[in-house]
Amino acid sequence: MTPEDATGDKPHPALLPAGLRDLLPPEAETEAGAVEALMAAFSAHGYQRVKPPLLEFEDTLFAGAGAAMAEQTFRLLDPDTRRMMGVRADMTPQVARIATTRLAGAARPLRLSYAGQCLRQGSDAREPERQIAQAGIELIGADSPEADAEVVAVAAEALASLGVTRTSFDLTHPPLIPALLEESGISSTALARALDRKDAAAVARHAGTLAGTLTELLLAAGPAARALAALAAAPLTTRAREHADRLAATVAAIEARAPGLVLTVDPVEFRGLRYHTGVSVTIYAPGRVEELGRGGRYLCGEAEPATGITLYPDSVLRAAPARPARARLYVPHGMDGAAQRAAGFATVAGLAPVADQAAEARRLGCGYVLGADGKPVLLEQRHG
Amino acid sequence: MTAVFPAPVAETSTKLVLALPKGRILAECAPVLARAGIVPDPAYADESSRALRFATNEEGLDVIRVRSFDVATFVAFGAAAIGICGADVLMEFDYPEIYAPLDLGIGACRISVAEPRATAGQDDPATWSRVRVASKYPNVTRRHFAQRGIQAEVVELNGAMELAPTLGLSRLIVDLVATGSTLKANDLVETEVIAPVTSRLIVNRTALKTNPELVGVWIQRFRQALA
């Protein structure tokens with residue numbers, strides 16, 4: 001052992017920067033397969049794939065909807081132009097840019113899908129990952145409850161294609177509470193914060209005349225029917241009432257298009273990716289702490305209505321039932337495995353003759369060995 | 001190889017976990033739990049018991065007993081769906097995953113700045129650029145002084161804060177003050193209240209979103225226990 005090793009001064013070659021990781025077999029293949037399955041579901045509903053670049057100039061990356069991600073973005077200097085570039089932290093703003101520039105002339109509503117890796121500055125111990133896979137859809141140029149319902153229904157179908165059927169969709173309307181506060185003449189960052197944390201004591205302290213209404217709405221978060229009833233009964237101001245009606249219309253449209261989805265509504269929540277301007281959704285899997293996806297309504301470019309959903313394939317896979325890996329078949333030296341590959345096996349060719357083919361097959365992680373008669377033989381499982 | 005995408009753990013236990021703080025608030029929690037209809041296993045109230053997790057009279061509810069700061073961590077990460085902890089802990093950690101839907105009104109005290117009687121009022125804090133403070137609340141302390149244009153150099157201690165000024169470790173302390181008797185015994189005076197503190201019922205955000213009926217029932221039972 002060298003002195004460097006003893007003091008730990010020399011970094012271990014396996015150590016990666018915080019929040020980054022290597023995916024190994026079989027997970028790397030599982031992930032790629034899952035992303036393709038999600039994309040196939042999107043494609044089947046007419047969402048056409050786009051592929052934006054990993055990085056772009058920060059002024060285009062942070063324009064419009066992208067501004068919310070500025071503080072989480074890794075930046076670097078373009079040696080050519082001396083302009084700052086950012087590594088995408090979220091793909092939705094990129095797709096919005098494509099829709100308003102290169103595809104400005106394409107027919108509306110425009111349906112686009114995408115998949116790729118994003119990089120974020122790690123936020124804290126609960127979300128330590130810096131590299132995040134995304135797969136999503138954007139529906140651009142339609143502002144209706146039916147459009148909101150379509151992205152939810154398509155996302156649910158994509159999740160179901162991976163066996164993730166126990167989900168719940170939490171719907172919120174981020175502008176609702178700000179509208180209520182503004183129209184009531186209340187402006188308080190302390191109140192906004194208290195509402196965000198559902199801190200009932202602080203809400204009561206800061207909300208003045210709205211204390212009663214806000215406390216009731218705070219506790220109404222839950223099953224859609226109950227929460228919407230509380231919203232319907234609450235004394236809301238004009239614009240807040242319009243928002244509440246739209247939320248109710250969206251819930252009705254989702255129930256019509258995808259009956260049986262578990263829907264919850266949180267009337268006071270205005271958290272999200274922070275660019276959302278209308279009905280927003282977060283996808284959960286009961287019993288799991290992490291979110292499977294997020295989406296919602298935003299403005300594409302200056303004024304074009306748009307909505308979308310982004311799924312996080314890593315979390316989706318952790319919620320999905322295990323997928324059987326492709327069976328591995330050892331093909332002894334000199335034999336041909338083409339027929340078995342066609343039958344679905346992954347074949348592992350022996351590069352030289354060996355004495356004990358079964359032992360060699362096991363050593364290489366194969367569950368089958370190709371027999372002399374050209375038929376695969378299942379090897380006995382050996383434990384310990 | 002550790003599986004990055006492990007097969008989902010079968011949900012054999014749908015038990016909800018309620019995290020309760022050891023120490024100061026534990027005794028004050030008892031009547032609230034009783035009014036909410038929760039009767040933990042007798043070993044729970046026995047501070048000498050080595051057990052950490054206890055059954056209750058409710059089939060679907062277990063309680064765990066952890067340090068006050070750890071209640072917030074268990075709930076923030078979803079290891080416990082609900083918990084009880086002081087507002088001081090929430091101010092310090094500021095986890096966005098924690099909702100605090102109820103003020104239980106127990107464990108009342110305040111988080112305050114204190115300094116030795118000898119130096120209190122001797123100079124004007126507005127002239128300070130920085131000050132050294134002993135505290136177990138580094139974030140609260142830094143934030144409080146930053147709002148006054150002062151950098152706080154925080155010396156983190158987990159107890160016996162009151163010794164720090166007299167032994168020259170810091171100029172001030174930031175700590176919980178209930179009656180003030182510990183301060184007095186160490187010849188310190190409370191110079192500023194940062195915030196009043198009471199205990200809150202806290203819930204994990206995702207637990208409330210994915211299991212709204214069950215978690216909602218418990219919030220409701222605690223709410224009725226206060227009425």
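Below, read A as the first sequence line, B as the second, and so on, with proteins coming before strands; counting in each chain starts at 1.
The parts of D199(A) that come within reach of chain B are both its backbone and its side chain, each placing non-hydrogen atoms under 4.5 angstrom from that chain. For chain A, the nearby part of I219(B) is the side chain; its heavy atoms alone come within less than 4.5 Å. Only the backbone of A285(A) comes within less than 4.5 Å of a heavy atom of chain B; no side-chain atom from C-beta onward does. Neither the backbone nor the side chain of T282(A) has a heavy atom closer than 4.5 Å to any heavy atom of chain B. Contact of L208(B) with chain A is made through the side chain alone, with heavy-atom distances under 4.5 Å.
A salt bridge links D266(A) to K198(A): one of the charged nitrogens lies within less than 4.0 Å of a carboxylate oxygen. By the 4.0 Å N-to-carboxylate-O rule, R21(A) lies close enough to E129(A) to be salt-bridged with it.
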Atom pairs and distances, side-chain donor-acceptor, residues 85-92 of chain B, under 3.5 Å, sequence neighbours left out:
from	atom 1	to	atom 2	distance (Å)
D88(B)	OD2	Y137(B)	OH	2.6
E92(B)	OE1	N139(B)	N	3.2
E92(B)	OE1	V140(B)	N	3.0
E92(B)	OE2	N139(B)	N	2.9
E92(B)	OE2	N139(B)	ND2	3.1

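Counting only heavy atoms from C-beta outward, the side chains of I254(A) and F169(A) never approach each other to under 4.5 Å.
Annotation: maximal heavy-atom pairing with chain B below 4.5 Å, among P223(A), A204(A), A221(A), occurs at P223(A). By number of non-hydrogen pairs under 4.5 angstrom with chain A, the leading residue of G78(B), A81(B), P101(B) is P101(B).
Under the rule for a salt bridge (charged side-chain N to carboxylate O under 4.0 Å, His left out), the partners of R221(B) that lie at least two apart in sequence or sit in another chain are E58(B).
For R326(A) (side chain) and A346(A) (main-chain N/O), no donor-acceptor pair under 3.5 Å exists by modelled atom type.
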